[in-house]
There are 2 protein chains.
Amino acid sequence: MPRSKSYDENMVLEHAMHVFWSKGYKATSVRMLEKEMGINQFSIYSSFINKKKLFIKSIRKYGEHVRQNVYNILLQENSGMKELEFFLLNTAQKKREPATSRGCLVVNTAAELGGSDDEITSEVNGYFNFIRDMLKKVLQTAVEKGEISPDTDIEKQSAFFLGVMQGLSVASKTMDPDQLNDFVSIALKQIK
Amino acid sequence: MPRSKSYDENMVLEHAMHVFWSKGYKATSVRMLEKEMGINQFSIYSSFINKKKLFIKSIRKYGEHVRQNVYNILLQENSGMKELEFFLLNTAQKKREPATSRGCLVVNTAAELGGSDDEITSEVNGYFNFIRDMLKKVLQTAVEKGEISPDTDIEKQSAFFLGVMQGLSVASKTMDPDQLNDFVSIALKQIK
DNA sequence: TAGATTTCTAAGCAATTGTTTAGATATAGG
DNA sequence: CCTATATCTAAACAATTGCTTAGAAATCTA
């Protein structure tokens, strides 16, 4: 009997994610979301309840996005040091593209909202746990492949590379490509 | 003939800086600034023109603050590797104190506002140039003292440690003290 | 002490914020 | 082809935003 939705919740959520990614949480108004998502405020609230819940869903969507388009190589079963090296040098080089100068949505969120909201904080922590777990696995594989020393302290190194990636997100907005390259190169050289 | 100001512009600016530091630019309202600075909106606008200009002055004030209270050791003429090591391990350990979980105001600003405003962007860049120059000098001294190899590429290493410090600001909000320690330890070990 | 001049108080401004609501519109099942 | 029910449009909501203003209060010079 009911009327059917004229939009795909998954599609409009992806648009919302990009707005939050570009502008940050506070600077994104519901009016902007309306335009960018292509649906009315009523529809936003009926699908996502309120702005904060939409933001949290956007962070999750961002997680899906990077899994598929950014960390896909690192998430492959046999990815090791070569892939990590390629990934880091590659993201350092991508600086010129404006899409990269947005940095990481989750790093931006951690910086903007700090620990001011519990739900958002736990979402942020969940994301970084995922990144660290991914790094652990990559480093473990690298050891098994003999690319790095079997004495490598994977726990410490995964914390290190997570820190480097967080720094990279900020640095991508403030450093030129050469400096970014230096930063990443030294981070990598250290483990060889 | 005129009436005299009942507040010290320098004092109230310091209070404004702390509000921006804790809450970020967008999340800080002029009403909050009124309360925290202890003066009326009229006085805020008569002394600082508008919110953005007050924010920029707050960033500069933050620069003074860290020069005197955070980087004072590193800024001493003969500071080298020992001081850099002490500084990094120390800030990694200070995590439990809530004052530290605010991260760095300028990193937060870079993340929140990206390149959305030219004046603010150039203020952010100026700050990071100062940090990198400070690091260069410290590393140069470390070479002269024989603490690190004379072959050290100071340009690259200063970019690296700047990136580490930017990462540290984000990580201080998301990592536990042990992980922070691991992050910093590896960053330091690499140069020895 | 008088008066010129600035600072302060506090109310008010229009614009924007997140969120809600009333009524028109469309659609699937009987 | 109805009609129940959900979706949409668009206007409105109170609260808050950054900023301004009119008038009262205070102070230094003369």
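Convention: sequence-line order gives letters A, B, ...; per-chain numbering from 1.
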Quiz item: Given atom OH of B/Y7 and atom C1' of C/dT7, what is their separation to the nearest angstrom?
Solution: 8 Å

Quiz item: NZ of B/K23 versus P of D/dT17: gap in Å, rounded?
Solution: 10 Å

Self-check item: Nearest-angstrom distance from the residue atom CG of B/D8 to P of C/dC8
Solution: 12 Å

Practice problem: Using a strict 4.0 Å threshold on nitrogen-to-oxygen distance, state whether A/E64 and A/R67 make a salt bridge. | Solution: no

Quiz item: When the distance from CD of B/E9 to P of C/dT7 is rounded to whole Å, what number comes out?
Solution: 9 Å

Exercise. Using atom OH of B/Y25 as one end and atom P of D/dG18 as the other, report the distance to the nearest whole Å.
Key: 8 Å

Exercise. Mind checking B/S6 for me? I need base, sugar-phosphate or nothing, with any heavy atom below 4.0 Å counting as a touch.
Key: sugar-phosphate

Quiz item: Could you give the distance from NZ (A/K173) to OG (B/S116), rounded to the nearest 0.5 Å?
Solution: 9.0 Å

Practice problem: Could you tell me whether a side-chain N or O of B/N181 sits under 3.5 Å from a main-chain N or O of B/P177, the two making a donor and an acceptor? | Solution: no

Quiz prompt | Pair A/E155 + A/K136: basic N to acidic O under 4.0 Å | solution = yes

Side chains of residues 32-39 of chain A: which donor-acceptor pairs under 3.5 Å do they make with residues two or more places apart or in other chains?
unit_1 : atom_1 : unit_2 : atom_2 : d
A/E34  : OE1    : A/Q41  : NE2    : 3.4
A/E34  : OE2    : A/Q41  : N      : 3.2

Quiz item: Any side-chain N or O of B/S4 less than 4.0 Å from the OP1 or OP2 oxygen of C/dT6?
Solution: no

Quiz item: Are any side-chain N or O atoms of B/E112 and backbone N or O atoms of B/K26, one a donor and one an acceptor, separated by less than 3.5 Å?
Solution: yes

Quiz item: So which nucleotide from D/dC19, D/dT7, C/dA28 ends up closest to the side chain of A/K5?
Solution: D/dT7

Exercise. Remember a base hit wins even if backbone is also touched, and classify B/F48 as base, sugar-phosphate or nothing at under 4.0 Å, heavy atoms.
Key: nothing

Restricting to nitrogen or oxygen on both sides, can you table the protein-nucleotides 9-17 of chain C pairs closer than 3.5 Å?
unit_1 : atom_1 : unit_2 : atom_2 : d
C/dG12 : O6     : B/R31  : NH2    : 3.4

Practice problem: Check the distance between D/dG18's P and B/F55's CZ and give it to me in whole angstrom. | Solution: 13 Å

